[in-house]
Amino acid sequence: MTTSNKIRPRTRAALLPLLLLLLACGLPGPIVERAPTATARPPTTPAASPTPASTSTPAPLPALRATPSAVADAALLVQSQALDVYAAPNVDPALRAALLGQAGHFDQITGAVEQRLGTRLTRRVVLLVQPPEAGRAIRANCPARGAATRTEDGYLLIYMFADSRTSEAQRDAVVAHEIAHQAIYTKLGPGGDTILNEGLANWAIPQTWRMWQDAPSFDSFVLESIARGTYVPLTESVARNFARPASGEDCFETRDQVYNEWASFDDFLIRHYGWNAIRRFWQQPVERNEDFDYRVGFGKTLAELEREWLAQLGRRET
C-alpha cells in the first residue's frame, strides 16, 4: 500500500492525511536532501529465522543522516545494510524482542525484492512499527497492514502495523511489499494506477507471499478463486478494494483477493508486453488515478487485457 502525504511528527493523528492519498496510489516527486547529522549504529546479529531465497544482497546504503521527524518519538531497534527499524512507544515488548535480531533477515528480504525487480535502492529505508490499530489512520474502513511513502524531509518511509500475535510470515510479507513499493518507485518513478502499484508490489515478493498465504502461485490462486466463485473482475476490483465492507465480509480476504489477482495480471503484462510498455503506461500524465488509460503502453483497454490474461491462465505458473 502506498501513500504520499508529508508525514508530521509525534502524533498518531498525523497519519490521517495519508487516507486520501491511498486513492491516488503513487509516490511524490522530488525529495529534499538533508546534510548528515548522525552516525549509524553497527548492524545487529541476524536471527536464525526463515528467509526468502535470494542470490543478491543489498549493498550498504548511506548511514542514517538524521532522525526522521516521523519517527522522532520511536526507539531505534535494528539497523541493517538497508533498513533502520524503529518501534513506536506502544509496540508490545514481545514484538520488539522478535525484531531485535533481524537485521540480516531484512537485508535478505530487500535483496530478493531488488533482484526480482531488477533495480537497486539508492537510499536507506526507515521502517516504523506500530500497533495494528494504527492502521485505521490509513484505511478507516479496513485497517492497513502496512504503508509506504517518501517524506518531504528526504526519507523512504514504510510502516508495519503489527503486534506479537502477528505471524512472522505476515510481518515478512508486509515489510517486503512496502520495500517493493520503494524499489518500484526507484525503477519507474512516480505514477501508475492502483492495479499496477499494488499488483507489482505483490508480484515482487513471491517467496514471502507463498510462505504467508500458502499458495503455490499467483496464477493458481486466481484459478482457484474462479472455481470458488470469489473472483473479482479487474474492471470492478479497484472500487471493490476501497468500498466499505459488506455485512459479514472479511475486508482482509477481499484485499488479498484483489491484490493477488493484480499480481497475476501484472505478471502477464510483464511477460507479454514488457517493462517498456509498463513504463509508458506508468508515466502517462493524468490528474486522477481513474484516468489511467491502458491503451497507452498496451494498445488495449483493461477489459481486453483482462480477457487475454484469463485465457492464458494455467498455461504457465507464476
Side-chain angles (χ1 to χ4, degrees), residues 1-7 18 21-22 24-34 40 52 54-65 68 70 79-85 106-128 146-160 173-209 262-263 266-267 269-270 274-285 289 292 297:
M1 182 175 294
T2 58
T3 62
S4 58
N5 239 15
K6 177 178 179 180
I7 307 295
L18 294 171
L21 286 146
L22 284 169
C25 267
L27 293 171
I31 291 177
V32 179
E33 295 289 353
R34 294 173 63 177
S54 172
T55 58
S56 174
T57 55
L61 293 172
L64 187 67
R65 295 179 306 229
Q79 286 190 295
S80 73
Q81 298 275 61
L83 270 71
D84 301 310
V85 183
F106 289 135
D107 279 342
Q108 286 192 302
I109 289 173
T110 303
V113 169
E114 291 178 328
Q115 186 176 28
R116 176 78 157 163
L117 286 165
T119 192
R120 288 281 193 178
L121 292 170
T122 57
R123 295 183 179 137
R124 298 182 66 77
V125 174
V126 175
L127 166 60
L128 175 58
T149 191
R150 293 191 169 209
T151 70
E152 289 185 9
D153 54 352
Y155 291 91
L156 311 188
L157 179 62
I158 66 175
Y159 294 88
M160 176 174 65
V174 169
V175 171
H177 180 96
E178 304 309 336
I179 289 172
H181 276 305
Q182 300 293 0
I184 290 164
Y185 183 97
T186 300
K187 183 180 182 74
L188 298 174
D193 69 342
T194 302
I195 292 175
L196 267 290
N197 263 291
E198 300 299 347
L200 284 177
N202 256 20
W203 175 88
I205 62 165
Q207 297 98 331
T208 52
W209 176 84
W262 297 339
D266 291 356
D267 176 80
L269 295 179
I270 292 167
W275 282 105
N276 286 337
I278 288 173
R279 191 181 302 275
R280 288 193 297 272
F281 170 82
W282 189 276
Q283 295 178 351
Q284 64 182 283
N289 187 266
F292 275 92

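Along the sequence shown, the residues carry numbers beginning at 1.
Between T186 and R120, every side-chain heavy-atom pair lies at or beyond the 4.5 Å cut-off. Using a 4.5 Å heavy-atom cutoff, the side chains of L200 and L188 are in contact. Within the 4.5 Å cutoff, the side chain of H177 has heavy atoms near those of the N202 side chain. Between W203 and R116, some side-chain heavy-atom pair lies under the 4.5 Å cut-off. The shortest side-chain heavy-atom distance between F106 and V175 falls under the 4.5 Å cut-off.
The shortest heavy-atom contact between E178 and G146 is OE2-C, 3.2 Å. Closest of all the heavy-atom pairs between T208 and A176 is OG1-CB, 3.7 Å. Here the shortest heavy-atom pairing between A173 and I205 reads O-CD1, 3.6 Å. In this structure, I158 and A148 approach most closely via the heavy-atom pair CG2-CB, 4.0 Å. Scanning all heavy atoms of the two residues, the minimum distance from G297 to A277 falls at O-CB, 3.3 Å. For the residue pair T119 and A183, the shortest heavy atom distance occurs at CG2-O, 3.6 Å.
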Worked check of side chain to side chain contact (heavy atoms under 4.5 Å, CB included) between L83 and I109
CA-CA 11 Å; L83 270 71; I109 289 173; over 6 Å; no
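Between the side chain of R150 and the backbone N or O of Q182, at least one donor-acceptor pair lies under 3.5 Å. Remark: side-chain polar atoms of D107 are not paired, donor with acceptor, to backbone N or O of S80 under 3.5 angstrom.
Applying the side chain to side chain donor-acceptor pair (under 3.5 Å) rule to D266 yields no partners; only residues at least two apart in sequence or on another chain are considered.
The aromatic rings of F281 and F292 are tilted relative to each other, their planes meeting at an angle between 30° and 60°.
Between the CZ atom of R124 and the OG1 atom of T110 there is a distance of 10.0 Å, given to the nearest 0.5 Å.
For the pair K187 and W282, the cation-pi criterion (under 6.0 Å, within 45° of the ring axis) is not fulfilled.
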